[in-house]
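For ligands, and for the atoms within them, numbers begin at 1 and follow the listed sequence. Quick note: numbers below take in every heavy atom, side chains included, and nothing from hydrogens, waters or symmetry partners. What you see is a predicted model; the values in this text were computed from it and never measured.
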Amino acid sequence: MNTVDDDELQSVVAMMTDEEKIDFVSGHGLWRTTAIERLGIPAIVMTDGTYGVRYSTTQIDSGSDPEAALSAFLAVVNRRAEDGGAGMFGDTHPATCFPNGNLLGCSWDTSLAEQLGQALAAECQALGVDLLLGPGINIRRTPLAGRAYEYYSEDPVVSGDLAAGLIRGLQGAGVGASLKHFACNNSEIDRTNMSSDVDERALREIYLAGFERAIAKSDPWTVMSAYNPLNGAQAAESRWLLTDVLREEWGYNGVVISDWHAIKDRPAAVHAGTDLDMPESGPRKARLRAALQAGHLDCEALDRSCRRILSFVRSLVGKRRAVGPVDLDRHHELARRMAAESIVLLKNDTAALPLKDMAGKRLLVVGTGAIQPTIQGSGSATTNPYRVDVPLDEIRALAAEAAIDFMPFAKNGGDLGTQIADAVAKARLADMVLVFANHRTGDEGEGTDRSDISLADGQDALIEALTSTGCRTIVALTMPDAVAMPWIDKVDAVLACFYPGQGGGAALARVLFGKVNPSGKLSTTLPVKIQDIPGFHTYPGENGHHLYSESIFAGYRYYDVRAVKPLFPFGHGLSYTHFVYGDLSVDAEAVVPGSPVRLQFKVGNTGEVFGQEVVQIFVRPIEPGLKRPVRELKAFSKHALAPGETATVNIELLPRDFQYFDTATGRWTLRATAFAIEVAASSRDIRLSRVLPCVPEPTPAPRIKTTSSPAIVFSHPKAEPALKGFIVERLKLGEDEAQKLIDGTRQSFFGFYDALSWSIGESISEGELAVLFDAINEDTSPELR
Ligand code: BGC
């Protein structure tokens, strides 16, 4: 992308009238930028979403009837998954509904994400879409979050790397991405008003870190700011977020787009660095015009936004390419493969899976999900699938020789007790039972969160009852995020399918029958019960403020620091084969400031079948001197291995991977006695470890004040000599006497000036001491700050 300082951009923007500028930084209708024909500037088209292309024919093709477009938009956004049916999609072009973020996250496969990006780009180009409004990478802070299904993980490394893969695929094929929602839209409760109140370490180390990572690795052409206020300032109006951090610290040079109708104060948003206000809004344009006319607008910021949008529009238009019709069958197959490689085998104690030697076996399938699968969430991301695999058909196709019986199980299918009794009677005649279970639906989606993590009515009782028959019980779960599994010890196998997209049916069947060896691993922790969720006691906030009380201890970091046993830990996922890890070597003797650490190890497949293993690298600080998570994921990779094959894995950890964000100095800082570098199969399954001592960065000097305690003052390396010189000079004393006065303050815990004046009375004023301390603070070299 061009830089905003291009002379040519400057001169085109200089030719725009004020009215044209107002139009240009505002959308045209719901899904376009504004064209300025006089200056040869065309419009570009954008649309949702995060795992499929939602091209609304009523909203994009049928011109701009703003009222009709607005109600069509609200109808989609407010729709709940259980409303189901065609109405869920409005009038949209059929497209491929790929696995949702909640399942793709479990792939831990950046190349799969890149292939998804390429496929989405092809579908966008076939429809004339220049910019796709995704991916979304808000941290899955709570499994209750209504849009958890769109996002990848509770961890910024997984989120950032998968997003970067998708963005590379999309943009490499000429379609722009919009990395969203920046930042801290982690719950849907009162989403445009509830301030996410997050301390700065948690912001830097968790909530902004995934964005920073994805931007560094893939340079998305746009970033979409979030609906919510962040620490009291509307995200779209936060200059700290959108200019100080995003642009000045991270060097981001693309376009910032508002979320739809997220801006409340348009002039403030211009000043903060939101370039494009989406969608078009008469009232917001009027407010911008009024501010401009009254001289209250930051005109340079307005021009800068015009230049950025112009540069972006031109670059996108230059990338348009004529493509033929999309090979939807190929995309369907990709959707199946993505789902199959992401489904997580949570439990398989009795090697119940894969199902084999099915000739003459009796398989009972229970649950409406087998014939009417939930493949995706609801809201603005919904994709109108052009084809949907029916799991029961796919199972039948792969087990033609088995006797398969099916019974639905639904709350509106009659009395649940009777249905459970029927299922139990059938199970007594079967060799194995496969239950399609799902979360309680109805309250989740865009604009609302789930109210609990239970399965839908009667399903826990159904599963319990089936296990009591002695028949092998396998559970396949569909869910936006975690569900509780009170029956977990009694079942033989559990597969987590999350929202698997239109190919989920075939993907599940392939995994069940071992055509695909599962290789997904959890990208979020599954809790035993809702009360175990990080920040549970301050969720969802009150009086307009949602305090992120667990701070940096998001996701597994919380379970680790509190030694809470999860139902299944972050990073967990089983396979039909076995992997062994060994031969860890590290190229450094110590962790030193500014140097990377390279590690090498081997992972081998010692089982009978082909499989893929996700290896996870955690860093565990030892005696870090301040609170840090027990361990944090810093890198991962996925390896395909034939039986008997061993791969050599090389991973580089960067200086940042060992640092924490020091809020006193505003810098990433290295401080600990040592670090353990851990090679793991999950966050609770560490296979190899190496401890390296740490050479810390110099301890930052504190900023000292007259009210600082003597201990703090003397911890500043320049304070004592400077004070001594000052006292000698000012009170005309010898060095020894001055030293005595200084030493006399050492035992005090109260403010330094008060401690000193105990011996010297008021012969030196507090103001004089303040001037001296300011000079010491100023004179501190940046390394010591
Ligand atoms: C959502 C965005 C989406 C936009 C356009 C908003 O309600 O939060 O994710 O891109 O609508 O549909």
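With hydrogens and angles left out, the side-chain atoms of Thr57 and Asp91 include no donor and acceptor closer than 3.5 Å. Side-chain atoms of Ser218 and Gln171 include no donor-acceptor pair closer than 3.5 Å.
The shortest side-chain heavy-atom distance between Asp298 and Pro267 does not fall under the 4.5 Å cut-off. Using a 4.5 Å cut-off on side-chain heavy atoms (C-beta onward), Thr243 and Arg239 make contact.
Short contacts between ligand 1 and Ser380, defined as distances under 4.0 Å to a heavy atom of the residue, involve ligand atoms 1 (C), 2 (C), 3 (C), 9 (O), 12 (O). Contact atoms of ligand 1 toward His181: 2 (C), 8 (O), 9 (O) (distance under 4.0 Å to a heavy atom of the residue). If you number the atoms of ligand 1 from 1 as listed, the ones under 4.0 Å from a heavy atom of Lys180 come out as 2 (C), 3 (C), 9 (O), 10 (O).
Arg191 counts as a contact of ligand 1, since one of its heavy atoms falls under 4.0 Å from the ligand. At a 4.0 Å cut-off, at least one heavy atom of Met224 sits close enough to ligand 1 to count as contact. A heavy-atom separation below 4.0 Å is not found between Met278 and ligand 1. For the pair His261 and ligand 1, no heavy-atom separation below 4.0 Å is found.
Comparing Leu133, Asp48, Leu30 against atom 3 (C) of ligand 1, the shortest heavy-atom distance belongs to Asp48.
Ring centroids of Tyr51 and Tyr499 are separated by 6.0 Å or more, keeping the two rings apart.
In terms of polar-atom proximity, defined here as any N/O pair under 3.5 Å, Trp31 makes no such contact with ligand 1. Checking only distances, Trp260 never comes within under 3.5 Å of ligand 1, N or O to N or O.
Among all non-hydrogen protein atoms, the one lying nearest atom 4 (C) of ligand 1 is Asp259 OD1, 3.5 Å.
Side-chain atoms of Trp260 come within 3.5 Å of backbone N or O of Leu30 as a donor-acceptor pair. Between the side chain of Glu446 and the main chain of Ser380, a donor-acceptor pair closer than 3.5 Å is present.
Between His332 and Tyr386, the ring planes lie perpendicular to each other; the angle is over 60°, past the 30° to 60° tilted range.
Only the side chain of Arg54 comes within 4.0 Å of ligand 1, counting heavy atoms alone; its backbone N, CA, C and O stay farther away.
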